[in-house]
S.K.: 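Just passing along the structure, written as structure tokens.
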Amino acid sequence: MKLKKREAILGYFYISPWLIGFLIFVAGPMIASLYFSFCDYQLLIPPKWIGINNYVRIFSDDPLFMKSLWNTLYYTVGSVILGVIGSLILAVLLNQRVRGETIFRSMFYLPTLTPAVAMAILWGWLFNTEFGLINRTLARIGIQGPAWLYSTEWVIPSFIIMSLWGIGGSRMIILLAGLQGIPQELYDAAEVDGVNWWTRFRYVTFPLLSPSLFFVTVTGIISSFQVFTTSYIMTSGGPANASLFYVLYLYRNAFEYFKMGYASALAWILFIIVIILTLLQFRLAGKWVYYGGQ
């Protein structure tokens with residue numbers, strides 16, 4: 001027992017820099033925000049305890065709450081589904097044994113290193129109605145392009161299209177690593193049996209890749225609920241709040257309207273929504289995720 005205690009103390013000593021940072025910069029602010037969510041806190045004046053009034057107001061007297069939540073859900077569904085499918089297709093293509101495969105992998109990964117601000121400015125130019133490259137290209141083939149970022153119907157699809165910029169990023173790398181972990185003899189056995197490529201993908205690739213797909217889906221949903229930079233720079237939530245994402249609305253309440261208590265309540269609602277969605281995915285994982293030891 002003494003040896004175990006010494007090992008435990010030594011282990012905590014080694015992780016103490018991270019542990020101290022976590023307590024100061026993560027756990028501490030979370031606890032403070034939980035307290036502020038029950039207060040009328042205007043940032044420049046001391047917080048005043050008001051109980052659950054902030055939460056009652058969110059669900060009963062704040063139409064922008066549901067608007068921002070719907071916009072975020074819309075974006076999440078579109079960007080995660082298309083992003084995972086796009087990353088999977090790209091990973092399968094880059095898993096082929098061809099000359100210069102490492103160069104191709106680097107080429108598809110490099111665009112994801114672009115800073116978010118620079119990417120937003122670039123896509124803002126591409127989506128410009130008058131001189132944007134997309135509408136100019138469509139005009140050359142006789143198609144009138146939509147208003148994109150200036151249309152209430154097209155602004156969210158525009159952000160979903162822009163999110164596909166990241167299909168060659170870490171999500172593709174994770175899926176590519178999963179593909180390379182599948183034993184080649186399984187494909188050889190399937191080829192001897194004379195099955196086509198779709199059957200091989202359905203009964204060999206997909207089951208063995210399902211843990212990686214599950215991971216990128218969970219992390220993709222969590223990150224998509226935090227979309228902020230592109231909307232803040234490109235549209236500022238417009239037109240007519242059609243691109244007012246949840247975190248952007250939270251930011252406005254905290255740092256533009258100085259309603260820090262109300263923003264803290266919004267943050268905890270977002271936290272609960274993400275936790276519920278994550279637990280739901282883990283609950284459903286048993287129906288389609290396959291692990292080798294099972």
Side-chain angles (χ1 to χ4, degrees), residues 26 29-30 32-43 52-84 116-117 119-120 123-124 148-166 171 216-281:
V26 178
M30 286 184 65
S33 69
L34 181 61
Y35 169 74
F36 292 146
S37 70
F38 296 99
C39 298
D40 179 14
Y41 183 28
Q42 303 294 327
L43 193 63
I52 62 172
N53 287 2
N54 284 329
Y55 294 94
V56 172
R57 180 187 167 193
I58 288 174
F59 289 103
S60 63
D61 191 29
D62 188 357
L64 289 181
F65 163 73
M66 291 304 302
K67 179 68 174 179
S68 62
L69 183 59
W70 165 250
N71 291 340
T72 307
L73 286 172
Y74 182 9
Y75 171 80
T76 297
V77 172
S79 62
V80 171
I81 292 177
L82 294 180
V84 171
V117 175
M119 183 188 69
W123 279 96
W148 297 114
L149 300 175
Y150 307 98
S151 168
T152 56
E153 296 178 354
W154 279 95
V155 63
I156 298 295
S158 300
F159 282 103
I160 293 174
I161 293 172
M162 186 172 58
S163 70
L164 298 180
W165 176 275
R171 188 162 45 196
V216 298
T217 301
V218 172
T219 55
I221 291 176
I222 293 174
S223 62
S224 64
F225 264 91
Q226 302 175 47
V227 59
F228 167 77
T229 305
T230 51
S231 176
Y232 179 74
I233 294 175
M234 298 172 66
T235 62
S236 297
N241 294 319
S243 63
L244 180 66
F245 293 115
Y246 194 96
V247 175
L248 177 58
Y249 182 54
L250 190 157
Y251 169 85
R252 283 183 174 178
N253 277 279
F255 300 106
E256 292 183 9
Y257 311 146
F258 300 111
K259 299 178 181 178
M260 191 61 68
Y262 194 73
S264 298
L266 288 170
W268 275 95
I269 291 175
L270 177 62
F271 176 76
I272 293 171
I273 291 173
V274 171
I275 287 293
I276 291 175
L277 290 176
T278 303
L279 293 177
L280 181 62
Q281 290 176 86

S.K.: Out of curiosity, Y74 OH to F245 CZ, how far, rounded to the nearest 0.5 Å?
M.R.: 10.0 Å

S.K.: Does R57 make a cation-pi contact with Y262 (under 6.0 Å, within 45 degrees of the axis)?
M.R.: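 The answer is yes; both the distance and angle limits are met.
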
S.K.: Closer than 3.5 angstrom, by distance alone: can the side chain of S231 be matched with the main-chain N or O of S243 as a donor-acceptor pair?
M.R.: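 Such a contact is found between S231 side chain and S243 backbone.
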
S.K.: So for atom CD, which belongs to E256, do other residues, nucleotides or ligands contribute more than 12 heavy atoms lying within a distance under 6.0 Å?
M.R.: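 Yes, because the 6.0 Å sphere around CD of E256 holds more than 12 heavy atoms from other groups.
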
S.K.: Just by distance, do the side chain of N54 and the backbone of C39 share a donor-acceptor pair under 3.5 Å?
M.R.: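 Answer holds: yes.
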
S.K.: Drop me the distance from S223's OG to R171's CZ, to the nearest 0.5 angstrom.
M.R.: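 Output value for this atom pair is 7.0 Å.
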
S.K.: Other residues, nucleotides and ligands only: do more than 12 of their heavy atoms fall within 6.0 Å of CD1 on I52?
M.R.: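 No.
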
S.K.: Hey, what do you get for OG1 (T72) to CG (L270), rounding to the nearest 0.5 Å?
M.R.: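 Between T72 OG1 and L270 CG, I get 8.0 Å after rounding to 0.5 Å.
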
S.K.: On a heavy-atom basis, which atom in S79 and which in I160 lie closest, and how many Å separate them?
M.R.: N-CG2, 3.9 Å

S.K.: Would you say the side chain of T230 lies within less than 4.5 Å of the side chain of W123, judging by non-hydrogen atoms?
M.R.: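 No, their side chains stay 4.5 Å or more apart.
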
S.K.: Would you check if there is a donor-acceptor pair between the side chains of S264 and S37 at a distance under 3.5 Å?
M.R.: no

S.K.: Check whether more than 12 heavy atoms from other residues, nucleotides or ligands sit under 6.0 Å from atom CH2 of W154, and answer yes or no.
M.R.: no

S.K.: Is it true that a side-chain atom of N71 and a backbone atom of N241 form a donor plus acceptor pair closer than 3.5 Å?
M.R.: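 Yes: the side chain of N71 pairs with the backbone of N241.
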
S.K.: To the nearest 0.5 angstrom, please state how far the CZ atom of F228 sits from the CG atom of L248.
M.R.: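 Answer rounded to 0.5 Å: 6.0 Å.
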
S.K.: For the side chain to side chain contact (heavy atoms under 4.5 Å, CB included) test, which of T278, L279, I273 pairs with I275?
M.R.: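 Running side chain to side chain contact (heavy atoms under 4.5 Å, CB included) over T278, L279, I273 with I275 returns exactly one hit, L279.
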
S.K.: Would you sort out whether I161 and W148 count as a side-chain contact (heavy atoms from CB on, under 4.5 Å), showing the intermediate values?
M.R.: CA-CA 11 Å; I161 293 172; W148 297 114; 3.8 Å; yes

S.K.: Looking at every heavy atom in both I156 and A242, which two are closest together, and how far apart are they?
M.R.: CD1-O, 3.4 Å

S.K.: I want to know whether F225 and Y246 have ring centres closer than 6.0 Å.
M.R.: no

S.K.: What distance do F38 atom CZ and Y55 atom OH have between them, rounded to the nearest 0.5 Å?
M.R.: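 That separation rounds to 4.5 Å.
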
S.K.: Side chains of L266 and Y249, heavy atoms from C-beta outward: is any pair under 4.5 Å?
M.R.: yes

S.K.: Once you round to the nearest 0.5 Å, how far does CG of L244 lie from CG of L69?
M.R.: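 Going from CG on L244 over to CG on L69, the span is 11.0 Å.
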
S.K.: Nearest heavy-atom pair of A116 and T229: which atoms, and what distance?
M.R.: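 Heavy-atom minimum between the residues: CB-CG2, 3.9 Å.
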
S.K.: Do K259 and Y41 have side chains that get closer than 4.5 Å, going by heavy atoms?
M.R.: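 In short, these two side chains do not touch, never coming nearer than 4.5 Å.
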
S.K.: Do M30 and L34 have side chains that approach each other closer than 4.5 Å (heavy atoms only, starting at C-beta)?
M.R.: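 With C-beta onward as the side chain, the pair stays apart.
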
S.K.: Which word best sums up how the rings of F59 and F65 line up, parallel for under 30°, tilted for 30 to 60°, or perpendicular for over 60°?
M.R.: perpendicular

S.K.: With side chains defined as the heavy atoms from C-beta onward, is the minimum distance between T235 and F159 less than 4.5 Å?
M.R.: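 Yes, at least one pair of side-chain atoms sits under 4.5 Å.
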
